[in-house]
Each structure stands twice: as structure tokens, then as C-alpha cells.
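See structure below.
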2 protein chains.
Amino acid sequence: MTSQDGSGRTRTVTLRDVAQLAGVSVATASKALNGRADVRPETRRRVEEVAGRLAFTPNTLAKAMLAGQTGTVGLLTNDLVGRFSLPILMGAEDASGAGRMSVFLCDARGDAIRERYHLRALLGRRVDGIIVVGSETDPRPSLGHHVPVPVVYAYAPSDDPTDASVVPDNVRAGTLAVEHLLLTGHQRIAHISGDVTYAAAQDRARGADAALQAAGLQRVGPVRFGSWTESWGRLAAGVVLDGDPVDAILCGSDQIARGVLDTLRDRGVDVPGDVAVMGFDNWEAMVSGSRPSLTTVDMRFEAMGRRAAELLFAAIEGRPSSGIEAIEPRVVVRGSTVAGA
Amino acid sequence: MTSQDGSGRTRTVTLRDVAQLAGVSVATASKALNGRADVRPETRRRVEEVAGRLAFTPNTLAKAMLAGQTGTVGLLTNDLVGRFSLPILMGAEDASGAGRMSVFLCDARGDAIRERYHLRALLGRRVDGIIVVGSETDPRPSLGHHVPVPVVYAYAPSDDPTDASVVPDNVRAGTLAVEHLLLTGHQRIAHISGDVTYAAAQDRARGADAALQAAGLQRVGPVRFGSWTESWGRLAAGVVLDGDPVDAILCGSDQIARGVLDTLRDRGVDVPGDVAVMGFDNWEAMVSGSRPSLTTVDMRFEAMGRRAAELLFAAIEGRPSSGIEAIEPRVVVRGSTVAGA
DNA sequence: AAATCCTCCGAAACCCTTTTCGGAGAACGT
DNA sequence: ACGTTCTCCGAAAAGGGTTTCGGAGGATTT
């Protein structure tokens with residue numbers, strides 16, 4: 001990749017260096033290394049040998065300028081700390097890695113100014129496409145249609161329906177949760193959720209109620225909105241236990257469920273014997289450490305990231321899509337709904 | 001950024017387009033937009049107007065080819081799921097964002113083959129430097145000195161002492177933890193830790209023992225190594241309580257501490273009245289949800305990432321460094337060591 | 001021996017921007 | 001009226017690779 005010159009400084013090895021040392025022109029060297037025809041086998045071997053010896057690494061930038069494609073995508077996230085962005089990012093990186101794509105990561109921290117700044121930087125670097133990751137499931141403002149490359153929104157959908165978005169299906173998740181509770185023999189179900197202003201909280205509750213209704217049942221008590229914390233779970237669980245009897249508590253998140261489990265334990269309520277408990281998110285650190293381990297609904301963030309990347313690549317190749325695509329969640333059964341699981 | 005041509009396809013706007021429309025040469029257009037002298041104010045305004053109207057975004061790649069600097073750095077991580085990489089990444093992105101740097105993110109998933117592949121991709125894209133983030137604090141193999149750009153290792157140091165590494169100071173963290181426990185009036189301290197094969201576990205224990213010795217005290221019982229899980233914390237806490245009396249339990253991680261708190265609660269032991277508890281990592285979800293909230297040692301990962309980026313930028317500018325630099329941790333006091341805190 | 005074909009290689013253009021250098025024209029001094 | 005000094009602008013090269021096209025030379029055919 002580099003070689004020493006007289007001054008002791010290192011300089012990058014270019015195709016010209018390889019060609020010169022192999023005694024051929026740059027054109028021939030290029031053809032030899034790229035496996036094109038019209039090169040005598042013996043010449044090709046010599047060029048390859050020299051390239052290997054100098055550790056020649058072709059300058060992708062130069063190639064990109066010719067091709068008009070850089071083989072890079074931008075990942076514009078708004079919540080690097082959250083546990084949503086990361087799996088999405090992994091999925092995207094995953095799908096990208098397969099075909100020689102590299103990922104530019106930018107964190108706008110929820111600031112529109114910073115987002116615009118990063119957008120300009122990405123466009124200046126001529127990314128082939130952009131994935132925008134939101135921090136909530138509520139719709140977010142579109143980047144607009146003046147962006148010269150395809151854009152796919154993940155987690156938070158764009159407010160422009162002609163954009164392509166990939167989101168978790170929170171309604172379906174609520175339905176799946178209740179269906180699992182019904183299947184495991186629970187009928188008197190209470191619901192403790194998080195911040196009432198979050199679309200995720202509303203959607204999950206809607207899906208849950210729909211499933212109850214379909215079974216001819218009704219939720220026990222109101223949906224108890226609060227915050228996405230353990231302490232809210234502990235508090236609200238006390239309220240629920242003091243009300244009408246229940247045999248299951250559906251919780252808006254794994255964190256809330258942890259708190260609920262704590263209170264049930266304090267009160268000597270057996271889980272899942274007396275009351276079953278479910279969460280959402282399948283947050284490893286939360287579900288595996290609890291007593292008992294927590295049944296939950298996995299929103300499949302990595303699958304979401306992968307899907308977003310797939311849609312982006314398709315759009316880059318001229319097959320754009322639009323509208324909101326929801327990822328099917330899945331129930332992960334553990335000990336808080338099925339004894340011994 | 002793009003304009004329509006007859007066929008309906010969009011094409012990227014180049015400086016040539018701007019120049020043509022403004023009725024000047026590309027050279028003049030470049031000078032006008034970059035604020036160079038030798039351009040009549042009126043001409044400059046005209047060029048700027050056209051550039052704005054066409055949403056011209058200069059091609060950073062072309063600029064980079066001239067300058068020999070791309071303004072990009074590679075972030076080669078091995079643990080995207082872990083909670084170490086992410087804050088480090090944020091810190092690095094933070095420090096980078098200040099100066100117009102962009103970050104290439106690659107996840108090698110701990111696989112040497114994938115790491116080499118990503119390294120080639122980064123070098124092909126002519127990054128100005130690379131930060132390598134490990135998943136454990138144990139030393140990792142150096143990328144070697146044939147890499148033509150500066151490299152800084154974060155979290156996991158390089159096994160080559162001439163490389164530059166930034167790591168958490170686990171020994172110091174152990175010392176700080178014990179000093180805090182001593183200061184808050186605890187003298188009979190047991191230690192429950194994680195996987196015995198981790199350098200982090202060993203270092204923290206060493207630092208803790210050193211602080212005890214300095215105070216003329218001794219640890220109560222052996223260091224109880226196990227795994228970095230809540231369940232191990234619950235189990236080991238029982239063992240500790242059944243042994244010699246203690247007034248504090250130092251835990252190798254916040255997760256272990258959560259488990260310990262559970263067992264203490266089950267047994268009716270008051271925290272921090274009867275026994276104080278401390279963890280390591282300051283993992284938000286763990287420390288804030290527990291009862292009581294958990295005093296812990298923050299390893300300051302974001303600061304580590306920032307520092308790594310600073311060292312990298314210094315090296316890029318010709319001021320390289322070498323050796324291992326440790327980040328000073330800090331104690332975060334909460335209710336598990338000081339009542340009501 | 002001349003014409004034809006095939007094989008292999010090199011010159012040059014291209015991508016987009018920056019920078020240097022020189023030139024055209026105007027304003028100025030004498 | 002002529003030389004000198006500015007001011008402003010454009011031509012050209014550079015950066016590293018790919019691709020097209022044409023040319024040189026050898027082998028084959030007539």
C-alpha cells in the first residue's frame with residue numbers, strides 16, 4: 001500500500017507504480033488486475049506479482065468518479081444510545097456487507113440542524129442512498145424529494161406516504177401478545193403501558209384490544225399509561241392488584257414488565273401460576289435476568305434494518321418502492337407465561 | 001443537486017453546470033464559491049445565485065483526490081451489540097463531527113477474516129485513519145505497521161506496545177470503588193465478579209484489593225468469579241451471606257449487582273443500612289431501575305471514544321503517539337451505598 | 001511476396017474539482 | 001500617445017483509475 005522514498009515518508013502505491021515496475025502501461029495493468037481479456041497470461045501474472053509485492057490497493061474513489069457510483073450508503077440516525085438504532089444498523093450493515101457496500105454513520109441526535117448538516121456531508125460524499133433511522137415510531141418529517149439519491153426510512157416512518165418506510169408492526173404485536181395470553185389460558189388481562197404520547201404505546205394497546213374483542217373479551221381496567229420505566233411498572237402493578245382480579249398483565253415494554261414482576265414477587269403472587277406477565281421488545285438484558293424469565297414480543301429490529309437496506313439497494317438499482325412496510329413481530333415464550341419455559 | 005434532462009432521468013449537478021449557467025469558467029466558479037480573491041463581487045454573487053438555484057453540492061471525492069485527504073475515518077468494531085462500542089462510537093463521532101470528518105462504520109463481529117476484508121475496504125476508500133474497537137479489555141492482535149494510515153485502538157489495547165491504545169482503567173476503578181465504600185463507613189467488603197478469564201474482572205479485583213491493603217484491611221472471602229449475569233449475582237450473594245458477616249458487596253458489573261440486590265431483598269437485608277452494594281459500568285437501564293438505585297463506577301466510554309478520536313486526529317496531523325492511555329473512571333453515588341442518595 | 005487476420009499492448013479521453021500561471025483589458029502616470 | 005500597473009478571468013494540469021480505439025507485430029492465407 002505504501003513504499004518508502006528517499007525522505008523516509010511513505011507514499012501511496014498507485015496503479016502507475018505497479019505498471020512501471022511490471023514494465024507495462026497503466027491500461028494493461030488495469031486490465032490485468034481486473035481479469036479482462038486481451039492480456040497475455042504471462043503478462044498478467046507479472047502484474048499480479050508486482051501488485052501483490054507492493055500491496056497495491058486500488059483507489060475506490062477514483063473508480064467511483066468514473067462509475068458515478070460510490071458503493072457507499074449513509075445511515076442517518078437520531079438515537080444512537082437507544083436500543084432501536086443499533087440492531088437496525090447491524091441489519092443494514094449486514095445486508096450491505098454482502099455486496100461490497102460501506103456505511104457512513106451519522107448521528108443527528110434528534111436535531112434538525114445537525115441532520116441537514118449531515119445530509120449535505122453525505123451528498124457531498126456522493127452516497128448511493130440513505131437510510132434514516134428515527135427514535136420513535138411516530139412519523140417524522142420527510143427529507144423531501146429534492147434529495148438526489150434514494151432514501152428509506154426505518155423505525156420512524158416518513159410523513160410523506162410516497163417515501164419508502166419500514167416500521168415495526170406495533171398493532172400486530174399487541175394482537176400477538178394477547179393471542180398468546182389467551183392460548184395459555186388467561187382471560188382477565190390488564191394492560192400497563194408507557195408514555196401515552198408514543199404511537200408505539202397507542203398501537204400496541206389498539207392491537208391488544210382488537211384481539212380481546214375478537215375473542216369476545218374485554219380488557220380489565222383502563223390502559224394504564226405512564227412512563228417506560230421499571231418504577232412505573234412497580235407502581236402500576238400495585239394499582240392493578242388492588243382493582244378487579246386479573247390473571248395476566250400485558251406490559252408496554254420489557255422494562256415496565258420488570259417492575260411489574262418485582263411488585264408481584266413482593267406481594268407473593270406466583271408468576272405465571274396466579275398472574276402471567278408479558279413485555280415488548282425482547283431486550284436481552286431485561287428478559288433473561290428477570291425471575292421468572294420474561295415472555296415478550298420481539299419487534300425484530302435487525303430484520304427491519306436488513307429489509308430497509310434491501311429496499312434501498314433495490315431503489316438504487318432502479319426499482320424504487322413507496323409506502324410503509326411493517327415488519328411482522330414474533331412472540332418469544334419464556335417462564336413468565338408458561339411455567340418452566 | 002440534480003436537474004432534469006430530456007429523458008426524465010436526473011443527473012448530478014457539477015461545477016461545470018454552474019459555471020456554464022453563470023457564464024464563467026469552472027475555475028472562476030470554483031474561486032467564487034470558495035471565497036478566493038480575484039473575483040469581482042458582482043461575478044461572485046451571480047455564481048452563488050446559480051449554485052444555490054441548482055442546489056449544487058461540491059463533489060467531496062474529487063476534492064479528496066487532489067488533497068490526498070478524504071476527511072473520513074474508519075471505525076472497525078468487533079462488538080456492535082455490546083454496550084461498550086456504542087458510547088465509544090458516539091464519542092468518536094462527536095469529536096469527528098466538530099471538524100468535518102465522516103465515519104465509516106464496519107462490524108467485524110470478532111472474525112479476523114471479516115476484519116481483514118473490512119480493512120481492505122477502508123484502505124481502498126482512502127480513510128485518513130482508523131479506530132479499532134475491541135469487545136473485551138484483553139489485548140488484541142495489532143493490525144500491524146504495514147497499514148499506511150494511523151490506527152488507534154479503543155477498549156481492547158493492541159498487543160503491540162508501539163501502537164496507540166485508549167482503554168478503561170479497571171484497576172483504578174476497583175480502587176475508587178473500595179475507597180468510596182471505605183469513605184461511606186464500610187470495612188467488611190466481599191467481592192462478587194464475572195468471568196474469571198476477563199482482564200476486566202482481574203484488574204478490578206486487583207485495584208480493589210490494593211485499596212483495601214492500603215487501608216490495612218482485607219477482603220472478606222475470596223473473589224467469587226462466575227459470569228456477568230444477574231443470576232450469578234443472586235446465587236453468589238446467597239453464598240456470601242452464609243459466610244463471614246459483611247457490610248458491603250462489591251460487584252463486578254451492574255448486572256451482577258442487580259442480582260445481588262434481589263437476593264438481599266429476598267432475605268430482608270436492608271441496603272444500604274445493613275449491606276452496601278456497588279457495581280461497575282453505570283449502565284443506565286440497570287442502575288436506575290433497581291431498588292435502591294445503584295452506586296456504580298462509570299468507565300466513561302464516551303470520553304474514551306472522544307480521546308481515541310483526538311489521538312487519531314493528532315496522528316493524522318503528524319503528531320503520532322504510542323502506548324496505552326487509560327481513562328480515569330468516576331464513581332456515581334446512588335442509593336445502594338448512601339441512604340437517600 | 002503480399003494481403004489478411006489475430007493477439008496483445010499503449011495513447012488518450014473521461015470523471016470533478018482545485019490551483020497555478022499567464023493574458024486581456026482597463027485605469028493610471030508621464 | 002505610450003508604458004506600466006492592476007484587476008479579473010480562463011486555459012491547463014493534476015489526482016488515480018477505467019475504457020475505447022487504434023496500432024504494432026507476428027502468424028496465417030492466397
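By convention in this document, chain letters (A, B, ...) are assigned in the order of the sequence lines, proteins followed by strands, and residues within each chain are numbered from 1. Predicted, not measured: the structure shown is a model, and the values here were computed from it.
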Kindly point out which of [options] is positioned nearest to the side chain of [X]?
{"X": "B:L15", "options": "D:dG17, D:dG10, C:dT17", "result": "C:dT17"}
{"X": "A:V24", "options": "C:dC16, C:dG10, D:dC8", "result": "C:dG10"}
{"X": "A:T43", "options": "D:dG10, C:dC9, D:dC8", "result": "C:dC9"}
{"X": "A:T28", "options": "D:dG17, D:dG10, C:dC9", "result": "C:dC9"}
{"X": "B:T14", "options": "C:dG10, D:dC9, C:dT17", "result": "C:dT17"}
{"X": "A:M65", "options": "D:dT19, D:dG10, C:dC16", "result": "C:dC16"}

Grab the [atom1]-[atom2] distance between [X] and [N] for me, whole Å please.
{"X": "A:R36", "N": "C:dG10", "atom1": "CZ", "atom2": "P", "answer": "17 Å"}
{"X": "A:R16", "N": "C:dA12", "atom1": "CZ", "atom2": "P", "answer": "14 Å"}
{"X": "B:N59", "N": "D:dA14", "atom1": "CG", "atom2": "P", "answer": "20 Å"}
{"X": "A:R40", "N": "D:dA24", "atom1": "CZ", "atom2": "P", "answer": "18 Å"}
{"X": "A:L33", "N": "D:dT19", "atom1": "CG", "atom2": "C1'", "answer": "15 Å"}
{"X": "A:L66", "N": "D:dG16", "atom1": "CG", "atom2": "P", "answer": "14 Å"}
{"X": "B:R44", "N": "D:dT7", "atom1": "CZ", "atom2": "P", "answer": "14 Å"}
{"X": "A:Q20", "N": "C:dA11", "atom1": "CD", "atom2": "P", "answer": "12 Å"}

What contact category does B:D38 fall into here, base, sugar-phosphate, or nothing, at under 4.0 angstrom with non-hydrogen atoms?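 Contact class for B:D38: base.
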
Taking atom CD of B:Q20 as the centre, does the number of heavy atoms from other residues, nucleotides or ligands within less than 6.0 Å exceed 12? no

Does one side chain, of [X] or [Y], offer a donor that lies under 3.5 Å from an acceptor on the other?
{"X": "B:S158", "Y": "B:D160", "result": "no"}
{"X": "A:D159", "Y": "A:S142", "result": "no"}
{"X": "A:T77", "Y": "A:D107", "result": "no"}
{"X": "A:S102", "Y": "B:H118", "result": "no"}

Donor-acceptor pair (no angle test) under 3.5 Å: B:K31 side chain, D:dG10 base: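 Present.
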
With a 4.0 Å cutoff (strictly under), does any side-chain N or O of A:S30 reach OP1 or OP2 of D:dT18?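 Yes, A:S30 has a side-chain N/O under 4.0 Å of OP1/OP2 on D:dT18.
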
Would you say B:N34 places a side-chain N or O within less than 4.0 Å of OP1 or OP2 belonging to C:dT18?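 So the side chain of B:N34 is within the cut-off, an N or O lying under 4.0 Å from OP1 or OP2 of C:dT18.
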
Let me spell it out: for each of B:K63 and B:V39, pick the nucleotide of DNA chain D with the closest heavy atom. Which residue's pick is nearer the 5' end? B:V39

